[in-house]
Amino acid sequence: ARAAMGQTTLTALAGVAASRRPGQSVSGDAGGWFRDERGVLWVVLCDGMGSGAGAKRESAQAGKLVENFLRAGMEPGEAVETVSSALALRGEDGGSTTIDLLSFDLFSGRCCVHKQGAAPTYIRRGGQVKCAVGASLPAGIVTGRAARPDVHKFRGEPGDWIVMVTDGILCGREDQWLRDVVTQYTGSSPSELAQRILRESQTLCQGEDDGTVLAARLDRSREK
């Protein structure tokens, strides 16, 4: 899907591929994106622990809360920390979920990744792939300072590729295969790249978990 950009310096084209764990009617992953009035494109991807309807409730709730806080003007780190603490304070009735938040400033090119227990994010520039990782726990486990997300900042450039995945894509295995797929892709379709990653994951992981891939490409805006 192409996000409506307005008169910005950059455009972003994104595509998603997803699968659910065999035997489950729904995926425990949830995600979405929106653009705010400042020209920042926000992408959030959440992975509820486990699979099925219960995991879906956790991930969808966390993603919606993050979006609501961001739309209200809250800083991203504070939004993720607040959601994580709120989920943890529910006690035994609640579960946990990862939160992976990516922002593109489509005027300046500033990009930022906030991770709460989330799988790595992959950034390809030219023939090089860099990885943004995190050591924080999933949302819903700890509160306060311990719930602060890991933060990675970089400046996006036309031609960059950014790939977000949930844990089910890697299923606990080394990620060199994913880096290779991203590096070797010569097309221009984020949806095609996301599908290639998902197919390779399904071959390796044999449906061990839900899996979601979001691929995005930054380009120079052609608007006058």
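- Between atom CG of residue L170 and atom CG of residue D209 there is a gap of 11.0 Å, rounded to the nearest 0.5 Å.
- Ring centroid separation for the pair W42 and F104 does not come in under the 6.0 Å cut-off.
- Here the straight-line distance linking atom OG of S96 with atom CD of Q116 works out to 10.5 Å at 0.5 Å rounding.
- Between the CZ atom in R35 and the OG atom in S103 there is a gap of 14.0 Å [rounded to 0.5 Å].
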Would you be so kind as to tabulate the donor-acceptor pairs closer than 3.5 Å made by side chains of residues 70-82, with sequence neighbours excluded?
{"from": "R71", "atom 1": "NE", "to": "E67", "atom 2": "OE2", "distance (Å)": "2.8"}
{"from": "R71", "atom 1": "NH2", "to": "E67", "atom 2": "OE2", "distance (Å)": "3.1"}
{"from": "T82", "atom 1": "OG1", "to": "E78", "atom 2": "O", "distance (Å)": "2.7"}

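- Within 6.0 Å of atom CZ in R220, 12 or fewer heavy atoms from other residues, nucleotides or ligands are found, so the atom counts as exposed in its surroundings.
- Checked against salt bridge (charged side-chain N to carboxylate O under 4.0 Å, His left out), D29 has no partners two or more places apart in sequence or in another chain.
- Atoms CG and OG1, on D219 and T9 in that order, are 13.0 Å from each other to the nearest 0.5 Å.
- In this structure R110 satisfies the side chain to side chain contact (heavy atoms under 4.5 Å, CB included) test together with D105, S108, R155, sequence neighbours excluded.
- V26 belongs to no multi-residue hydrophobic cluster, having no ILVMFWY side-chain contact under 4.5 Å with any other such residue.
- Judged as a side chain to side chain contact (heavy atoms under 4.5 Å, CB included), and not counting sequence neighbours, the contacts of Q176 are R179, D180.
- Annotation: disulfide bond (SG atoms under 2.5 Å apart) contacts of C171 (sequence neighbours excluded): C205.
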